[in-house]
Amino acid sequence: MRLDEQTRRDFPILERIVNGHPLVYLDSAASSQKPRTVIEAMSQYYARSHANVHRSIHTLGEEATELYEAARDRVHRFIGAASREEVVFTRGTTDGINLLAEALGRTLGPGDEILITELEHHSNIVPWQMAARDRGAIVRAVPLTREGLLDLDAVDRLLGPRTRVFAFAHVSNVLGTITPVARLAERARRAGAVTVVDGAQAAPHLPLDMSALQCDFYVFSAHKMLGPTGIGVLWGRRAALEALEPARGGGEMIKEVWIDRARWNDLPWRFEPGTPPIAEAVGLMAAVEYLEKLGMEQVAEHERTLARQTVEQLGAIPGVTVFGPPATVERGAVVAFGVEGLHPHDVAALLDEQGIAVRAGHHCAQPLMRWCGVVGTARASFSVYSSPEEVSLLSHAVASLRSHL
Ligand code: 7TS
């Protein structure tokens, strides 16, 4: 049975009628929908076990702590981390990158370099600009090849003795480009730079194994992988996390506090000040369980097929431009496209009239839009519940937009 046939009934929102049409949700890269098990796990948690974590000795306090830490164990296995201490909960990808930019930023000096790429989401650009500005450091970017892949020769040229951080996306949220993380991390290590990987579009889509990727830090958001908003993961190699001085202080991240100084807690709690997103951790645990039952290899294969079908079908419509690598190159679960004569917002609004939800705009990747030579694009993106029928509905609807021009 196809993955969407196995899963669709588990997602109550997919029963919605939108503008008189059954919902065709093709915006999972912005945020995925949630299966009933995630919704129920969170509501059960609030109905039965809620209390703050890591502080109260009473029964509910212990139950909540156990659930929160069980979520960490689940994520640790899901991403192939060497130990649970390497898994830090954040508020999401943006929060994880900011945490790293703040902490690593403090170690930078004037003239040091931060290397990013031209396909980054703003959340993997702006925090580094802020860190650089504060320390007199410089941000550089790896250019793209004509096909929308990272220019690997340029990586070698740009990774120099002053490069302290190399931050790049595993999967582009616009082009769908998959970057060769292990190779890039290896080159960065030889240059003495720390690697930060933005896995926001990879974690929902690809099997992950931190030991194979060889980067220092990897961040992602739960809400794009069937889990709730408000929680994300920062994985760090133990030695990399140990070398990182916490930049955010507060309760629970310390062992002992005096008026003029404090001693940090152990990993991973030293990077989790304050009350964490507890119900969200429970929801993330349910999302990971759901994905593991499906199998990430199957998830990747399903979404790869949908992306290929979309590239082929949209690419065959006259006046439609598909951005990113050709259909023969493996890509993530997103397909950005333009329709000649129509603003991307009009494309999205006209599709919405037929119940088809796609995102339009610059996708928080303005440097990449400049590279594409457009102000924005429309974008279809997929998850485990997306179907080939939905891809056909999209293609027919886009073709009919053209015929109305
Ligand atoms: N990095 C990438 C590659 C992303 O795609 C996104 C969100 C983020 C970082 C930020 O994640 P957040 O959970 O902290 O917001 N991308 C999108 C998108 O493509 N459409 O809406 C949000």
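Order of appearance sets the numbers: ligands from 1, and atoms from 1 within every ligand. As the structure is a computational prediction, the values presented were derived from the model and not from experiment.
For atom 4 (C) of ligand 1, the closest non-hydrogen atom of the protein is His121 CD2, 3.4 Å. Ranking protein heavy atoms by distance to atom 20 (N) of ligand 1, first place goes to Arg359 NH1, 2.5 Å. Taking atom 3 (C) of ligand 1 as the reference point, the nearest protein heavy-atom neighbour is Asp198 OD2, 3.4 Å. Scanning the protein heavy atoms around atom 7 (C) of ligand 1, the nearest turns out to be Lys224 NZ, 2.8 Å. Remark: minimum distance from atom 19 (O) of ligand 1 to any protein heavy atom is reached at Arg379 NH1, 2.6 Å. Shortest contact from atom 14 (O) of ligand 1 to any protein heavy atom: Thr94 OG1, 2.5 Å. Counting protein heavy atoms only, atom 11 (O) of ligand 1 is closest to Thr93 CB, 3.6 Å.
Ligand 1 is never approached by Glu120 to a heavy-atom distance shorter than 4.0 Å. Put simply, no part of Arg91 is less than 4.0 Å from ligand 1, judged by heavy atoms.
Proximity of the aromatic rings of Phe11 and Tyr25 is defined here by a centroid distance below 6.0 angstrom, and this criterion is not met.
Donor-acceptor pairing under 3.5 Å is lacking for the side chains of Glu147 and Thr145.
Electrostatic pairing of Arg77 and Glu292 does not count as a salt bridge here, judged by no charged N lying under 4.0 Å from a carboxylate O. Ion pairing of Asp134 with Arg106 is absent here, as no side-chain N (NZ or NE/NH1/NH2) approaches a carboxylate O to less than 4.0 Å.
A donor-acceptor pair is defined here as one N or O able to donate and one able to accept, closer than 3.5 Å; such a pair exists between the side chain of Asn19 and the backbone of Asp352.
In terms of heavy-atom proximity, Tyr68 sits nearest to Val53 at CB-CG1, 4.0 Å.
Applying the 4.0 Å criterion to heavy atoms of Ser123 picks out, from ligand 1, the atoms 1 (N), 8 (C), 9 (C), 10 (C). Less than 4.0 angstrom separates some heavy atom of Gln201 from each of these atoms of ligand 1: 3 (C), 4 (C), 5 (O), 16 (N), 19 (O). When each atom of ligand 1 is checked for a heavy atom of Ser221 under 4.0 Å away, the hits are 11 (O), 12 (P), 13 (O), 14 (O).
Where the criterion is an N or O separation shorter than 3.5 Å, residue side chain and backbone included, Asn173 meets it with respect to ligand 1.
Aromatic ring orientation, His54 versus Trp269: perpendicular (interplanar angle above 60°, classes split at 30° and 60°). Ring geometry, Tyr218 versus His170: the interplanar angle exceeds 60°, so the pair is classed perpendicular (tilted spans 30 to 60°).
Arg189 has its side chain within reach of Glu186: a pair of non-hydrogen atoms, C-beta onward, lies under 4.5 Å apart.
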